[in-house]
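See below for the structure under consideration.
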Amino acid sequence: MAEARITPRKQDYAQWYQDVVREGGLAEPAEVVKGCMVIKPHGYAVWEKMQADLDRRFKATGHQNAYFPLLIPLSFLAKEAQHVEGFAMECAVVTHAGLRAVDGKMEIKNELEEPYVIRPTSETIIGHFFAKWIDSYRDLPLLINQWANVMRWEKRTRLFLRTGEFLWQEGHTAHASHDEALEEVHRMLDVYRDFAHEIMAMPVIQGTKTANERFAGAVETLCIEAMMQDGKALQAGTSHDLGQNFGKAFNVTYQSEKGEREFVWQTSWGVSTRLVGAMVMTHGDDDGLVLPPKLAPIHVVIVPIYRKDDEKDRVNSAAQMIAKDLRADGLTVKVDDRDGIKPGAKYYEWERKGVPIRIEIGPRDLEQQSVMIKRRIAPIGPDGKAMKESLPLQHLGLSIGRVLDEFQAFLFDRAQKNMNDNTVMIDSWKDFEAVFADDGSKFVWAHWDGTTETELAIKEATKATIRCIPLPRQGPAKEAGACVKTGKPSAQRVLFSKNY
RNA sequence: CGGGGCGUGGCUCAGCUUGGUAGAGCGUUGCGUUCGGGACGCAAAGGUCGGAGGUUCAAAUCCUCUCGCCCCGACCA
């Protein structure tokens, strides 16, 4: 009877991911628009939760939201040499405007004098406006964030993880000194780490990208890297020190206290809808989506249970009362009072959608003034079934709140354990190759001689890349050693993994 | 963009080799009986077989082109 809607992870991880995204009601391929996706209401609700919390954190650190155009003059892109090189191939270009209907078909009319690119990121156009807005050291720091869509014409796409168009936020700031800019870069990286830990229940490692992996146009790129359940890494957020590169390209200058004209020091930082995919692959299981309570659009689903009509009325009205009380306590509650569907079917459906807590309420519970609750992930009891808990109706909101907090913490600990269990220190090339043999991946701390050449050779041999050079206390204690590939001297271990 | 696979009711797929005018299961709708882990009976709706050309008396089936999805590779948040 059970329908295998979701491919087990062990059987085919990539297929499992797609199944969960579909069955969880998160998104589907846009079908008529290559490489793009439709984010469905449940998926968008998760993104809105992410946005709300991040936005609060950005404002708390002094940033203001603004909005810049989707279209960027083609010439802007060329002003920063590294930047163009990095993005040129991924740019969609607008060359014409206007259509005319001819025999029921649309004919493209006027060619534009200067084409526009659809923003793959906004450093250039924001650089242009920063140059206008900044004149004096008194105008600094300028701390701007933009919530927007961007487009990168990717060869290969996967829902949420890499799509032609995606939603994100991009912070752009300008400062009077490099130190101040660096402070900002680290501050926002910490905001991302805190968000990942506290809201997504997703442990991350903070580090610096190698020159090879650096953002096009940045002096330095910092990142947070998360581990998915298959041992692969996913870059969950980035924070860039842009130095004076864009300042020079767009002539963003200010008059210092000494009266001298100086280029500003800029930063940019972003996270995207990719985080939704990260959440799926961090917490999901073979039964479907698992939502951390702090990202769950619905905290609690109530399933009424009854046999006879009089029971049905009593149970349903009790369910509504409970929902009302819980809502008063700030929880989002859904009462699944659909008739004609058995409770078991409802259980499976809401589990697929990742709702953290289910409340079952039936005649027996009414008598006892209690409800049965089931966590989305619960220990297996002696009877071989997932354990349920009975909670008294009195102060139910408080009890549920406590359970949600516990569940949030449980998910983080579980993810952290998965990361720890799949992280290894490796010193021999043979062992290194073994970790990444076949489709395998872990987080590997190994020594590296610091050259791009070796980095690429390792990638060629194993598909593993350097995810980051850890910041202090983000990896094993710093110790000198010999490069795992070349045996040349290395100052510290770096993080290797296959990645998304 | 190179290699491979796949597009047939909402979903999963059969039918294609050997052309004859579309099926199954699940889901959906209605009614009744059910309801503490995926119910059952009866009735019903729903597809110009991804799209466009072509071959043919006749195309889901053969040919050409095209669009999209998935996997591998190169590239990337």
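Chain letters run A, B, ... following the sequence lines, proteins first, then strands; residues in each count from 1. Everything numeric in this text was worked out from a predicted model, so none of it was measured.
Taking atom C1' on both B:U21 and B:U64, the two are 23 Å apart, rounded to the nearest angstrom. Comparing the P positions of B:U8 and B:A52 gives a spacing of 15 Å, expressed to the nearest Å. Look at the C1' atom in both B:G41 and B:G37: the space between them is 23 Å, to the nearest Å. Of the P atoms belonging to B:G2 and B:U66, the separation is 11 Å, rounded to the nearest Å. For B:C69 and B:G30, the P atoms lie 35 Å apart once the distance is rounded to whole Å. Nucleotides B:G50 and B:U34, compared at atom P, are 45 Å apart to the nearest Å. Separation of the C1' atoms belonging to B:A60 and B:C13 is 14 Å when rounded to the nearest angstrom. Distance check on atom P: B:C42 versus B:A58 gives 42 Å, rounded to whole Å.
Contact annotation: A:Q18 reaches the phosphate of B:C71 (side-chain N/O to OP1 or OP2, under 4.0 Å). The shortest distance between the side-chain N/O atoms of A:K155 and the OP1/OP2 oxygens of B:G2 is not below 4.0 Å. Here A:R307 reaches the OP1 or OP2 of B:C35: one of its side-chain N or O atoms lies under 4.0 Å away. Of the side-chain N and O atoms in A:K463, one or more sit less than 4.0 angstrom from OP1 or OP2 of B:G73. Here A:R352 does not reach the OP1 or OP2 of B:G38: none of its side-chain N or O atoms lies under 4.0 Å away. At the phosphate of B:C75, OP1 or OP2 sits under 4.0 Å from a side-chain N or O atom of A:K459.
Nucleotide B:C49: unpaired (no Watson-Crick or G-U wobble partner with both distances less than 3.5 Å). Nucleotide B:U12 has B:A24 as its partner under the Watson-Crick or G-U criteria, with both atom distances under 3.5 Å. Under the Watson-Crick or G-U wobble criterion, with both distances below 3.5 Å, B:G68 is paired with B:C6. Base pairing analysis places B:G41 opposite B:C31; the two distances defining the Watson-Crick or G-U wobble pair are each below 3.5 Å. Taking a pair to require two hydrogen-bonding distances under 3.5 Å in either a Watson-Crick or a G-U wobble arrangement, B:C62 pairs with B:G54. Nucleotide B:G36 is matched to nothing when pairs are restricted to Watson-Crick or G-U wobble geometry with both distances under 3.5 angstrom. Remark: B:G73 base-pairs with B:C1; criterion is Watson-Crick or G-U wobble with both hydrogen-bond distances under 3.5 Å.
Atoms CD1 (A:I341) and P (B:C26) sit 16 Å apart, rounded to a whole Å. A straight line from CD of A:E90 to P of B:C75 spans 12 Å, rounded to a whole angstrom. Per the geometry, CZ belonging to A:R152 stands 17 Å off P belonging to B:C75, to the nearest Å. The interatomic distance linking A:K308 (NZ) with B:G32 (C1') rounds to 19 Å, in whole Å. Atom-to-atom, CD of A:E349 to C1' of B:G37 comes out at 14 Å; the value is rounded to the nearest Å. Distance A:R375 CZ to B:G37 P: 20 Å, rounded to the nearest Å. A:I302 places its CD1 atom 18 Å from the P atom of B:G36, with the value rounded to the nearest Å. Rounded to an integer number of Å, the gap from A:E154 CD to B:C70 P is 13 Å.
Among the atoms of the strands shown, base atoms are found under 4.0 Å from some heavy atom of A:E360. At the heavy-atom level, A:T163 lies under 4.0 Å from base atoms of the strands shown. Residue A:G35 is in sugar-phosphate contact alone, with no base atom involved, counting any heavy-atom pair closer than 4.0 Å across all strands shown. Contact annotation for A:M89: no contact, since no heavy-atom pair falls under 4.0 Å across all strands. At the heavy-atom level, A:L161 lies under 4.0 Å from base atoms of the strands shown.
Defined by atom type and a distance below 3.5 Å, a donor-acceptor pair is missing between the side-chain atoms of A:N145 and A:W269. A donor atom on one side chain and an acceptor atom on the other are found under 3.5 Å apart for A:Y306 and A:D339. Using modelled atom types and a 3.5 Å distance limit, the side chains of A:D12 and A:T7 yield no donor-acceptor pair. The closest side-chain donor-acceptor pair between A:T462 and A:E433, if any, does not fall under 3.5 angstrom. Checked by atom type, the side-chain pair A:S441/A:S497 shows a donor-acceptor distance below 3.5 Å. Between the side chains of A:T221 and A:T238, no donor N or O sits under 3.5 Å from an acceptor N or O.
In the set B:A77, B:C71, B:G37, the nucleotide with an atom closest to the side chain of A:Y347 is B:G37. Of the listed nucleotides (B:G36, B:A77, B:C71), B:A77 has the atom at the smallest distance from the side chain of A:F166. In this structure, the nucleotide among B:A77, B:A39, B:G37 sitting nearest to the side chain of A:K374 is B:G37. If you check B:G38, B:A74, B:C69 against the side chain of A:P29, the one that comes closest is B:C69. Looking at the side chain of A:K342, the nearest of the listed nucleotides B:A39, B:A77, B:C71 is B:A39. Comparing B:G37, B:C35, B:A77 by their nearest atom to the side chain of A:K388 picks out B:G37. Listed nucleotides B:A77, B:G38, B:G36 differ in distance to A:Y348; the shortest reach to its side chain belongs to B:G38. Among B:G36, B:C71, B:A77, the nucleotide with an atom closest to any side-chain atom of A:A14 is B:C71. Distance from the side chain of A:P343 is smallest to B:G36 among B:G36, B:A77, B:G68.
Between A:W16 and A:Y13, the angle of the ring planes lies from 30° to 60°, which puts this pair in the tilted group.
Interface remark: the A:R358 side chain does form a donor-acceptor pair with the B:G37 base, using a distance-only criterion of under 3.5 Å. In the interface, the side chain of A:E351 is not paired with the base of B:G38 through any donor and acceptor atom under 3.5 Å apart.
For A:F215 and A:H240, the distance between ring centers is under 6.0 angstrom. A ring-centre distance under 6.0 Å is not found for A:H172 and A:F130.
Mapping A:A236 and A:A386 onto RNA chain B by nearest heavy atom places A:A386 at the nucleotide closer to the 5' end. Projected onto RNA chain B by closest heavy-atom contact, A:T238 and A:L366 fall at different nucleotides, the more 5' of which corresponds to A:L366.
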Could you check A:F250 against A:E123 for side-chain contact (heavy atoms from CB on, under 4.5 Å), going step by step and ending with a plain yes or no? CA-CA 10 Å; A:F250 288 88; A:E123 273 74 9; over 6 Å; no
